[in-house]
Amino acid sequence: ILTIKYSASGTEEWTARYAGNPNREDTAVDIANDAAGNVVVFGMDNDEFLTVKYNGEGIEQWVRRYVSNGLPIAMAIAVDATIVVVGGGNEGMKTVKYTPDGGELWVAQYPENRHENAVATDVVLDAAGNVYVTGWAQGQWRNRDYATIKYNLEGEQVWLAFFDNPDKDDQEDQAVGIALHGASEIIVAGTTHLS
């Protein structure tokens, strides 16, 4: 994984390279930075979620892997004082929250108690530290529906909302992005099929 920082004028300031096991493939999927100028890169190390934190000079601070059974897919990262990464696969939507020092605070999974093909595609944090995740999960007809979840600071589910196109129950609806509007209103966007 190669991370490059440019100045405001486009001059390369530093590059940072991460290479895990030489027999495994490393892939970056998203990047974020915090108020102190630290940079956090999220991706995959073969079949594990991979999170790498650099300081403002591009020096690696820590690396964390989250091992999930099945076939996980890393998707997105959000950073405030903490770091939240999301993805999923055949074990459901996964959300992992870390401290600034890389300590694992909590892991949330939807659905909690069974294998289900679902993926969290994006994540956003509000000023109070609540975590909002969107993506898709298989609905009652085994087709994909938007799935959006709010978690509190402790990783407890506050609410869960679905969207299934009422005109096309046999089609697939997939949320791909999420944004915070105001203090706590949420907007999600994705794809659905027209009537």
Side-chain angles (χ1 to χ4, degrees), residues 27-32 40 42-44 47-51 65-80 82-98 104-195:
T27 305
V29 299
D30 203 4
I31 187 170
V40 189
F42 179 51
M44 297 286 295
D47 58 354
E48 301 172 355
F49 287 178
L50 173 70
T51 308
R65 292 176 180 81
Y66 175 77
V67 181
S68 177
N69 296 323
L71 299 170
I73 304 168
M75 293 299 291
I77 186 171
V79 173
D80 54 12
T82 60
I83 298 155
V84 180
V85 298
V86 299
N90 61 8
E91 281 196 324
M93 300 169 72
K94 294 279 191 177
T95 305
V96 185
K97 186 174 187 180
Y98 297 104
E104 188 179 289
L105 286 170
W106 50 260
V107 177
Q109 175 176 316
Y110 174 80
E112 295 180 358
N113 299 317
R114 60 193 174 95
H115 291 272
E116 183 75 36
N117 191 20
V119 173
T121 56
D122 203 4
V123 58
V124 68
L125 313 175
D126 68 18
N130 296 300
V131 177
Y132 303 85
V133 178
T134 199
W136 56 262
Q138 290 177 324
Q140 67 180 98
W141 304 112
R142 310 302 295 169
N143 293 300
R144 296 175 180 179
D145 296 333
Y146 283 28
T148 304
I149 305 172
K150 177 181 179 178
Y151 296 107
N152 65 16
L153 284 170
E154 287 74 40
E156 299 164 335
Q157 184 178 298
V158 177
W159 52 256
L160 169 65
F162 288 102
F163 171 78
D164 178 22
N165 187 336
D167 298 324
K168 287 285 184 179
D169 282 336
D170 61 339
Q171 299 297 327
E172 308 222 327
D173 308 305
Q174 300 181 64
V176 297
I178 190 168
L180 186 67
H181 180 260
S184 59
E185 294 180 323
I186 295 300
I187 303 169
V188 299
T191 59
T192 188
H193 289 258
L194 298 176
S195 302

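All figures in this text were calculated on a predicted structure; none of them were measured in a lab.
- Once rounded to the nearest 0.5 Å, the distance linking CD1 of Ile83 with CD of Glu104 reads 12.5 Å.
- Between Thr191 and Val176, the closest side-chain pair of non-hydrogen atoms is not below 4.5 Å.
- For the pair Ile77/Ile31, no side-chain contact is recorded, criterion being any heavy-atom separation below 4.5 Å from C-beta on.
- Taking the side chain as every heavy atom from C-beta outward, Asp173 and Asp164 approach each other to under 4.5 Å.
- Nearest approach of Asn130 to Leu153, heavy atoms of both residues: OD1-N, 4.2 Å.
- Expressed to the nearest 0.5 Å, how far CD1 of Ile186 lies from CD1 of Ile149 amounts to 12.5 Å.
- In plain terms, the two heavy atoms of Phe42 and Met75 that are nearest each other are CE2-N, 3.5 Å.
- Partner of Tyr146 under the ring-ring contact (aromatic ring centres under 6.0 Å, His included) criterion, chosen from Phe162, Phe163, Trp136: Phe163.
- Smallest separation of non-hydrogen atoms from Ala120 and Val86: CB-CB, 3.7 Å.
- Between Phe49 and Met44, the closest side-chain pair of non-hydrogen atoms falls below 4.5 Å.
- Across all their heavy atoms, Pro111 and Gly92 have their closest contact at CD-CA, 4.3 Å.
- In this structure, the separation between CH2 on Trp106 and OG1 on Thr95 is 6.0 Å, given to the nearest 0.5 Å.
- A distance of 10.0 Å separates OG1 in Thr192 from CD in Gln174, rounded to the nearest 0.5 Å.
- Among all heavy-atom pairs drawn from Val84 and Leu125, the shortest one is CG2-CD2, 3.8 Å.
- Shortest non-hydrogen contact noted between Ala74 and Gly43 is CB-O, 3.3 Å.
- The side-chain heavy atoms of Lys97 and Tyr151, taken from C-beta on, include no pair separated by under 4.5 Å.
- The distance from the CD atom of Gln109 to the CE atom of Met93 is 11.0 Å, given to the nearest 0.5 Å.
- In this structure, CG in Asp122 is found 14.0 Å from OH in Tyr132, a value given to the nearest 0.5 Å.
- In this structure, the side chains of Val119 and Thr121 come closer than 4.5 Å at one or more pairs of heavy atoms.
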